[in-house]
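Working notes, structure below.
Along the sequence shown, residues are numbered consecutively beginning with 1.
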Amino acid sequence: MKRELPVFGIYEKALKPKSFVEMFKDAEKAGYQSMEISIDATDERLRRLAWTKEEAESVRRTAESCNMKILTMCLSGHKRFPLGSTNPEIVQTGLKVTQRAIELAGRLGTRVIQIPAFDVYETETRTEETQKRYVDNLYKVARMAEHVCVTMAIEPVEENLLAVKDTMEVVRQIDSWCMQIYPDVANIKSLGIDPIEELPYGKGHIAAVHMRDSLPQIYDATLLFGTGQLDFEGVFEKLDELEFTGPLIVEMWNTDRPEYMEYISQAREYMEEHIRKVRGEHV
């Protein structure tokens, strides 16, 4: 039986900042079916956590009217309020942010919330204590998510949990259906780790995959697909072997790029072309 193409999603920051209806229309025009909403560490985006039910419902309906979904959320606000911090107030704020993000996801129809694997970030030193506190708080996060039936998914990052294998050890400790993994294959590649060898460690636990191109030790989300060193065909072949059918989310940062539509259209077309090539379909 012929396999369907995956759902292609686009990260909000890959689009020029506009009204939600305009961003949804841009994403739909470029061939995407979902937009990943950003709840980052800025005051502006953290304020989204205070949306009323009516405000969240309006955004959801706007997406629907544009043939779009908001299947995933990037909760990078944890960089400001890391769950492993030695400061109890920061930890409590981080947990509150998480709780509100989960509630917002339920209202938006969002299925997956990506959370970074940072136990602390930049201003604090990583220790065994901060790593343990991070995992302990992930237990609490899992309980929050179970109440709303939202999947939390950990992204391996530059520090702490570097690879899929490392992150899966924590996922197994948490032992909850709603705590999974959300690998960024470009990040993994930039760390000097082969994502094609790493992805099998997450078999059955990968909620979504961030896609972009990669250069060694450079975390540049502005690269045109095909101009870096990521083996896209190898990644797509491995994902097919793992029978992964979740969304592929293009993570690019194009907010200041006038030609952003060309970049996101090329990224989606590039992925589709190489997925079909791996599957032996006519291109």
Side-chain angles (χ1 to χ4, degrees), residues 6-15 20-21 23-24 27 32-83 92-118 137-155 157 167 170-171 174 176-184 205-210 245-251:
V7 170
F8 293 124
I10 188 74
Y11 184 39
E12 179 182 349
K13 293 181 182 180
L15 302 163
F20 275 107
V21 66
M23 289 193 292
F24 292 142
Y32 293 90
Q33 296 86 47
S34 181
M35 187 186 84
E36 181 165 276
I37 192 168
S38 169
I39 305 294
D40 63 20
T42 64
D43 289 340
E44 177 187 3
R45 287 197 167 95
L46 286 171
R47 278 195 289 270
R48 292 174 173 179
L49 300 178
W51 281 348
T52 63
K53 292 180 181 180
E54 292 74 21
E55 287 173 316
E57 177 65 11
S58 175
V59 173
R60 187 194 67 78
R61 287 184 177 177
T62 298
E64 190 176 74
S65 71
C66 299
N67 298 313
M68 294 292 294
K69 297 181 184 297
I70 310 172
L71 294 177
T72 59
M73 173 190 295
C74 182
L75 183 56
S76 54
H78 280 161
K79 290 182 177 181
R80 184 170 169 183
F81 306 110
L83 297 179
Q92 286 307 308
T93 301
L95 289 171
K96 288 179 182 177
V97 163
T98 308
Q99 178 71 66
R100 290 172 182 169
I102 290 169
E103 293 169 357
L104 177 60
R107 294 168 182 170
L108 291 174
T110 299
R111 307 295 197 268
V112 176
I113 300 177
Q114 184 199 70
I115 52 177
F118 295 114
N137 283 317
L138 286 184
Y139 278 100
K140 298 176 183 178
V141 168
R143 303 291 86 78
M144 295 176 189
E146 287 171 0
H147 281 291
V148 187
C149 294
V150 169
T151 298
M152 311 300 293
I154 307 170
E155 179 193 24
V157 287
T167 309
V170 172
V171 168
I174 304 301
S176 169
W177 65 269
C178 69
M179 185 63 68
Q180 303 295 342
I181 185 170
Y182 191 147
D184 181 323
H205 295 275
I206 300 173
V209 178
H210 261 169
T245 57
L248 301 179
I249 311 296
V250 170
E251 184 189 26

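Counting non-hydrogen atoms of neighbouring residues, nucleotides and ligands closer than 6.0 angstrom, the CZ atom of R111 reaches no more than 12 such neighbours.
To the nearest 0.5 Å, the span separating OG on S58 from NZ on K53 amounts to 16.0 Å. Separation of atoms CZ (F118) and CD1 (I154) is listed at 13.0 Å; rounding is to 0.5 Å. Between atom CD1 of residue I113 and atom CD1 of residue I39 there is a gap of 9.0 Å, rounded to the nearest 0.5 Å. Note that the OG1 atom of T52 and the CD atom of E57 stand 10.5 Å from one another [nearest 0.5 Å]. Here the SG-CD1 distance, from C74 to I115, works out to 11.0 Å after rounding to the nearest 0.5 Å. One distance of note links OG1 of T110 with CD1 of I102; it measures 12.0 Å at 0.5 Å rounding.
Scanning all heavy atoms of the two residues, the minimum distance from D184 to E155 falls at CB-OE2, 3.4 Å. What you find for P6 and G246 is that their closest heavy atoms are CB-O, 3.8 Å. Here the shortest heavy-atom pairing between L108 and A56 reads CD2-O, 3.4 Å. Across all non-hydrogen atoms, the minimal contact from I174 to R143 is O-NH2, 4.4 Å. Contact record, H78 with G94: NE2-O, 3.7 Å, taken as the closest heavy-atom pair. Between C178 and V150, the shortest heavy-atom contact is CB-O, 3.4 Å.
In this structure the side chain of L46 reaches within 4.5 angstrom of the side chain of R80, judged on heavy atoms. Looking only at side-chain heavy atoms (C-beta outward), M35 and F20 come within less than 4.5 Å of each other. The shortest side-chain heavy-atom distance between L138 and M152 does not fall under the 4.5 Å cut-off. With contacts defined as side-chain heavy-atom distances shorter than 4.5 Å, the pair Y139/M179 does not qualify. Residues T151 and W177 have side chains in contact (heavy-atom distance under 4.5 Å, counting atoms from C-beta outward). Side chains of C66 and V21 form a contact here, defined as non-hydrogen atoms less than 4.5 Å apart. Under the 4.5 Å side-chain criterion, counting only non-hydrogen atoms from C-beta, K13 is in contact with R45. Counting only heavy atoms from C-beta outward, the side chains of I70 and F24 approach each other to under 4.5 Å.
By the 4.0 Å N-to-carboxylate-O rule, E103 lies too far from R100 to be salt-bridged with it. Using a cutoff of 4.0 Å between basic side-chain nitrogens and carboxylate oxygens, R61 and E64 are not scored as salt-bridged.
Side chain of E12 to main chain of S38: a donor-acceptor pair is present (N/O by atom type, distance under 3.5 Å, no hydrogens or angles). Of the possible polar contacts, none joining the Q180 side chain to the I206 backbone as a donor-acceptor pair under 3.5 Å is found. In this structure a side-chain-to-backbone donor-acceptor pair under 3.5 Å is present from S34 to L71. With hydrogens and angles disregarded, no donor-acceptor distance shorter than 3.5 Å links the side chain of R107 to the backbone of E55.
A side-chain contact (heavy atoms from CB on, under 4.5 Å) with H210 holds for exactly one of I249, V250, T72, L248; it is I249.
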- Step-by-step side chain to side chain contact (heavy atoms under 4.5 Å, CB included) determination, L83 to V141: CA-CA 10 Å; L83 297 179; V141 168; 4.0 Å; yes
- Message: Working note: R48 + V59, criterion side chain to side chain contact (heavy atoms under 4.5 Å, CB included); need CA distance, chi angles, decisive distance, verdict.
- Response: CA-CA 11 Å; R48 292 174 173 179; V59 173; over 6 Å; no
